[in-house]
Amino acid sequence: MRWVYVEELKKYVGEEVELRGWVRRKRSSGKIAFIDFRDGTGFVQVVVEKSTVGDEQFLNADKLRLESSVIIRGKVREDERAPGGVEVLATEVHPVQIPQEDFPIQKPDHSIDYLMEHRHLWLRSRRQFHIMRVRDAVIKAIRKFYWERDFVQIDTPIFTGAIGETAGNLFEVDYFDYGKVYLTQTGQLYLEAACMAFGKVYNLGPTFRAEKSKTRRHLIEFWMNEAEVAYYNHEDNMQLQEDLVYYIVQYVLEHAYDDLVAIGRDVSKLEKVQKPFPRMTYTEAVKFLQNRGFDIKWGDDFGGDEETVLAKQFDSPVFITHYPRQAKAFYMQPDPTNPEVVLCDDLLAPEGYGEIIGASQRIHDYDLLVERLKENNLPVEKYDWYLDLRKFGSVPHSGFGLGVERTIAWIAGLEHIREAIPFARTLYRVHP
RNA sequence: UCCGGCGUAGCUCAACCGGCAGAGCGGGUGGCUGUUAACCACUAGGCUGGGGGUUCGAGUCCCUCCGCCGGAGCCA
């Protein structure tokens with residue numbers, strides 16, 4: 001008999017099939033039992049009738065408990081009474097393993113602490129199933145986008161020396177006799193090296209920030225997609241970001257629409273995302289906020305509340321550009337028309353999900369870069385290889401980093417970013 | 001790190017001004033051929049997060065430690 005997955009059941013109406021999976025829930029009467037069955041591709045109801053299967057098989061069904069693993073054989077049929085329109089009338093029920101204790105997650109009313117403590121089992125629940133499929137769609141979209149544009153994937157290292165954006169916020173690791181190394185905060189500097197070799201490059205991988213951040217938008221370990229392109233200026237860079245984010249939204253709408261609906265996402269909000277995305281300079285944004293009564297002066301960075309107010313004016317993500325250079329990283333190229341600001345942009349997602357992209361054109365002039373390193377009290381000698389890039393055929397280049405979980409949280413409409421990653425690492429949780 | 005909150009049965013929560021620790025769900029037993037978080041009956045289940053203090057008496061008030069949650073700063 002043919003082993004099939006739930007997602008393809010509709011092709012087998014009228015046929016006998018074998019299903020391999022788990023019991024999500026069970027309701028049983030004396031002579032009929034209903035099993036909510038799942039196999040990782042979907043959910044289907046299995047009906048076990050005593051009159052059809054006989055006493056022995058019925059007993060097999062009756063002794064199943066929540067999250068028992070089970071192999072079921074039966075006939076696929078359409079039935080209006082079944083959730084989803086298709087159900088399986090069992091002929092054989094073969095338990096694989098029956099738990100000896102209660103499954104810890106029974107009802108949808110557990111505390112978040114309890115659910116996170118049981119994340120390894122919580123992943124089996126319906127809502128988490130759909131969220132992870134949205135995550136999968138977002139990541140597939142990212143890879144497909146770059147693949148279609150002939151970018152080269154360059155995997156940047158996880159262990160790095162003491163360079164990156166900021167000296168603090170780094171996780172230290174002992175590296176044999178070498179001494180201390182650090183978990184990566186960004187692969188940008190390595191991508192800058194790679195773009196001078198391959199032109200258009202990107203990465204996708206985990207990054208780590210030892211920030212004691214405790215908000216719905218922060219993870220200690222999160223995934224980032226970064227891209228870097230030689231000869232791209234700031235404008236080219238923003239165009240690429242806009243194309244990518246728009247592409248991701250369209251891809252998810254096309255390939256994970258049912259998952260979005262299943263978790264209650266207001267899909268119309270995503271359908272309103274349009275190109276071109278609105279743009280605002282930092283200076284305009286400060287004036288806008290001041291007019292709304294915010295206590296903010298030119299030179300300050302935006303907090304969560306400020307970002308939310310700015311982003312909520314628009315249906316699409318909004319670019320905030322040309323920040324003061326003191327507020328940004330050392331490697332950003334000054335604006336030739338106003339050296340107090342740099343050629344950078346942050347992309348803020350709608351609905352208060354905050355910054356999903358940080359981007360800039362990079363300094364390509366050797367002397368200027370050294371000057372900026374000194375200005376920021378960074379150890380110039382540790383940036384030896386990074387400075388080399390400015391010695392040998394240096395060109396203007398630009399790039400950005402997209403926060404994958406923040407993008408997922410926005411697209412899926414999640415209240416907290418911890419549900420956007422299979423096993424979240426937050427300030428007070430590394431288990432499981 | 002700072003500010004605030006919570007911790008009572010396996011889970012989610014009650015318990016008035018300090019006065020006998022309760023319910024629903026889940027578990028067990030029995031019943032039920034169309035259930036959707038099934039339903040009905042019966043049943044077992046507790047060192048009220050740890051330690052200390054006030055009091056005739058503490059789940060409740062005070063101190064402290066632990067755990068978690070929400071927010072701030074910082075960031076994607």
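Letters A, B, ... are given to chains in the order of the sequence lines, protein chains preceding strands, and every chain is numbered from 1.
Residue A:S29 places none of its side-chain N or O atoms closer than 4.0 Å to OP1 or OP2 of B:U35. For A:R216 and B:G71, the shortest distance from a side-chain N or O to OP1 or OP2 is below 4.0 Å. Remark: A:R418 is in phosphate contact with B:G70, judged by side-chain N or O atoms under 4.0 Å from OP1 or OP2.
To the nearest whole angstrom, the two P atoms, one in B:G52 and one in B:A58, are 14 Å apart. Across B:C56 and B:G18, the matching C1' atoms stand 12 Å from one another, rounded to whole Å. Separation of the C1' atoms belonging to B:A37 and B:G24 is 12 Å when rounded to the nearest angstrom. The gap from the C1' atom of B:A9 to that of B:G26 amounts to 11 Å, rounded to the nearest Å. Going from the C1' atom of B:G45 to that of B:G10 covers 9 Å, rounded to whole Å. Rounded to a whole angstrom, the distance from the P atom of B:U60 to that of B:U8 is 13 Å. Rounded to a whole angstrom, the distance from the C1' atom of B:U43 to that of B:A15 is 24 Å. Look at the P atom in both B:U48 and B:C20: the space between them is 15 Å, to the nearest Å.
Side-chain proximity of A:I417 to B:A76, B:C75, B:G34: nearest is B:A76. When distances run from any side-chain atom of A:I112 to the nucleotides B:U33, B:C69, B:U35, the shortest one goes to B:C69. Each of B:G73, B:C69, B:G34 was ranked by its minimum atom distance to the side chain of A:F34; first place goes to B:G34. Side-chain proximity of A:D113 to the nucleotides B:C68, B:U12, B:G34 is greatest for B:C68. Closest to the A:R429 side chain, of the nucleotides B:C32, B:C75, B:C68, is B:C68. Across B:U12, B:C75, B:C69, the shortest atom-to-atom separation from the side chain of A:E211 is found for B:C75.
Atom NE2 of A:H110 and atom C1' of B:C25 are 9 Å apart (whole Å). If you measure from atom CZ of A:R209 to atom P of B:A76, you get 5 Å, rounded to the nearest angstrom. One can place CD of A:Q57 at 18 Å from C1' of B:U33, the figure rounded to the nearest angstrom. Separating the CG atom of A:L66 from the P atom of B:G28 is a distance of 10 Å, rounded to the nearest angstrom. Between the CZ atom of A:R25 and the P atom of B:C25 there is a distance of 14 Å, rounded to whole Å. For A:Q45 and B:U33, the CD to P distance is 17 Å, given to the nearest whole Å. For the pair A:L427 CG and B:C69 C1', the computed distance is 12 Å after rounding to whole Å. Atom P of nucleotide B:C74 and atom CZ of A:F171 are separated by 19 Å, given to the nearest angstrom.
Counted within 6.0 Å of CG on A:N291, heavy atoms from surrounding residues, nucleotides or ligands total more than 12; the atom is thus considered enclosed.
Between the side chain of A:S51 and the base of B:U33, a donor-acceptor pair under 3.5 Å is found. Judged by distance alone with a 3.5 Å cut-off, no donor-acceptor contact links the side chain of A:E101 to the base of B:G26. A donor-acceptor contact under 3.5 Å is formed by the side chain of A:R406 with the base of B:C75. Side-chain atoms of A:H218 come within donor-acceptor range of the base of B:C75, with a qualifying N/O pair under 3.5 Å. No hydrogens or angles were tested; on distance alone, a donor-acceptor pair under 3.5 Å links the side chain of A:S213 to the base of B:C74.
The pair A:K75-A:E16 does not count as a salt bridge, with every side-chain nitrogen at least 4.0 angstrom from each carboxylate oxygen. A salt bridge links A:D300 to A:K297: one of the charged nitrogens lies within less than 4.0 Å of a carboxylate oxygen. Residues A:R279 and A:D345 are not paired through a salt bridge, judged by the lack of any N-O separation under 4.0 Å between the basic side chain and the carboxylate.
Here B:G7 sits opposite B:C66 as a Watson-Crick or G-U wobble pair (both hydrogen-bonding atom distances under 3.5 Å). B:G34 is unpaired under the criterion used here, namely a Watson-Crick or G-U wobble arrangement in which both key atom distances are under 3.5 Å. Across every strand in view, B:C42 sits in a pair with B:G28 that passes the Watson-Crick or G-U test at under 3.5 angstrom. For B:C56, the paired base is B:G19 (Watson-Crick or G-U wobble, both distances below 3.5 Å).
Across all strands shown, A:D346 has no heavy atoms under 4.0 Å from either base or sugar-phosphate atoms. Residue A:T207 is classed as having no contact, given no heavy-atom separation below 4.0 Å to the nucleic acid. A:G30 comes within 4.0 angstrom of a nucleotide base, judged by non-hydrogen atoms across all strands. Within 4.0 Å (heavy atoms only), A:Y114 reaches sugar-phosphate atoms of the nucleic acid but no base atom. Contact annotation for A:R65: backbone-only contact, meaning every heavy-atom pair under 4.0 Å involves sugar-phosphate atoms and none involves a base. Within 4.0 Å (heavy atoms only), A:H416 reaches sugar-phosphate atoms of the nucleic acid but no base atom. Residue contacts shown for A:I357 are limited to sugar-phosphate atoms, with no base heavy atom under 4.0 Å away. If you check every strand for non-hydrogen atoms under 4.0 Å, A:K214 touches a base.
Residues A:G358 and A:P104 both approach RNA chain B. Their nearest nucleotides, taken by heavy-atom distance, put A:P104 toward the 5′ side. Nearest-nucleotide positions on RNA chain B place A:D102 closer to the 5' end than the other of A:I356 and A:D102.
Classification of B:C17 as syn follows from a glycosidic angle within 90° of 0.
Both tests pass for A:R126 against the ring of A:F43: distance under 6.0 Å to the centre and angle within 45° of the axis. Cation-pi geometry between A:R143 and A:W147 is not met: the NZ or CZ atom fails to fall both under 6.0 Å from the ring centre and inside 45° of the normal.
Residues A:Y114 and A:W122 keep their aromatic ring centres 6.0 Å or farther apart. A distance of 6.0 Å or more separates the ring centres of A:Y246 and A:F145.
In this structure the side chain of A:M132 reaches within 4.5 angstrom of the side chain of A:L123, judged on heavy atoms.
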